Amino acid sequence: MRIVFWLFCTLGLAFAQEVPKKELLERMVEPKLTAESAFLNQADIKGSSGGVSVMKNRIRINNEFASLSYTRWDFHWNGVESLDFSDKIHMPIKALQTLE
């Protein structure tokens, strides 16, 4: 039993040492890419028969020195003619975008 345990530990250490560790500079400049998506299903607007659905998408790339992010919010309206804050014909807001 001790021999099996010793072999297991020895092989584990051997495999752990074979994995090359990245240098500090490589880890700092290596970019990380993330994507995010969210959806808000039909939300009713109080005091009217209208509502809105919202879709949010974001993509971000960053490393230790800098970050760049693009976000887009898409709005899908229904019952625009009953909304107090619209011109009764056009959607109040179609999309919002940010670049940071």
Side-chain angles (χ1 to χ4, degrees):
M1 185 67 167
R2 289 183 184 177
I3 294 173
V4 173
F5 179 72
W6 181 81
L7 283 173
F8 180 75
C9 290
T10 305
L11 289 174
L13 287 174
F15 285 122
Q17 291 174 355
E18 286 182 27
V19 177
K21 295 191 177 192
K22 293 184 179 180
E23 295 295 324
L24 178 62
L25 185 58
E26 284 181 280
R27 288 195 317 254
M28 288 175 20
V29 297
E30 184 176 275
K32 178 181 175 186
L33 182 66
T34 55
E36 174 186 338
S37 187
F39 179 71
L40 173 65
N41 199 11
Q42 185 64 35
D44 296 330
I45 308 283
K46 188 175 180 178
S48 72
S49 60
V52 64
S53 298
V54 182
M55 176 67 120
K56 174 190 169 191
N57 293 297
R58 174 184 290 161
I59 188 162
R60 178 181 298 153
I61 186 166
N62 64 330
N63 62 15
E64 293 292 324
F65 301 111
S67 175
L68 180 64
S69 175
Y70 172 75
T71 306
R72 180 178 172 101
W73 298 74
D74 290 299
F75 299 86
H76 304 282
W77 300 87
N78 70 342
V80 174
E81 63 282 348
S82 68
L83 298 175
D84 293 336
F85 52 86
S86 74
D87 65 1
K88 312 297 183 207
I89 299 170
H90 301 98
M91 292 185 279
I93 300 172
K94 291 183 183 179
L96 295 174
Q97 301 175 59
T98 61
L99 184 63
E100 300 176 282

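The shown structure was predicted, so the numbers you read here are calculated from the model rather than taken from an experiment. Heavy-atom basis, side chains included; hydrogens, waters and symmetry copies ignored.
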Colleague: For Trp77, does the CH2 atom have more than 12 heavy-atom neighbours from other residues, nucleotides or ligands under 6.0 Å away?
Modeller: yes

Colleague: Measure the CG-CG distance between Leu68 and Leu33 for me, rounded to the nearest 0.5 Å.
Modeller: 10.5 Å

Colleague: Taking everything shown except Lys94 itself, do over 12 heavy atoms lie less than 6.0 Å from its NZ?
Modeller: no

Colleague: Quick one: pull up OG in Ser69 and CD1 in Ile61 and give me the separation to the nearest 0.5 Å.
Modeller: 11.0 Å

Colleague: A side-chain contact here means heavy atoms from C-beta on lying under 4.5 Å apart; do Ser37 and Met55 qualify?
Modeller: yes

Colleague: Please name the residue in the list Arg60, Arg58, Gln97 that meets the side-chain hydrogen bond (donor to acceptor under 3.5 Å, both in side chains) test with Tyr70.
Modeller: Gln97

Colleague: In the single-linkage hydrophobic clustering (I, L, V, M, F, W, Y; side-chain heavy atoms under 4.5 Å), do Ile93 and Leu40 co-cluster?
Modeller: yes

Colleague: Measure the spacing between CG of Asn41 and OG of Ser53 and express it to the nearest 0.5 Å.
Modeller: 5.5 Å

Colleague: Can you find a side-chain donor-acceptor pair between Glu36 and Asn57 that sits under 3.5 Å?
Modeller: no

Colleague: Counting C-beta onward and ignoring hydrogens, is there a side-chain heavy-atom pair between Thr34 and Ile59 closer than 4.5 Å?
Modeller: no

Colleague: For residues Leu99 and Thr71, determine if any side-chain heavy atom of one lies less than 4.5 Å from a side-chain heavy atom of the other.
Modeller: no

Colleague: Let me confirm one number: the CG-CD distance from Asn78 to Gln42, rounded to the nearest 0.5 Å.
Modeller: 4.0 Å

Colleague: With no hydrogens and no angle check, is any side-chain donor or acceptor of Asp74 less than 3.5 Å from a backbone partner on Ala95?
Modeller: no

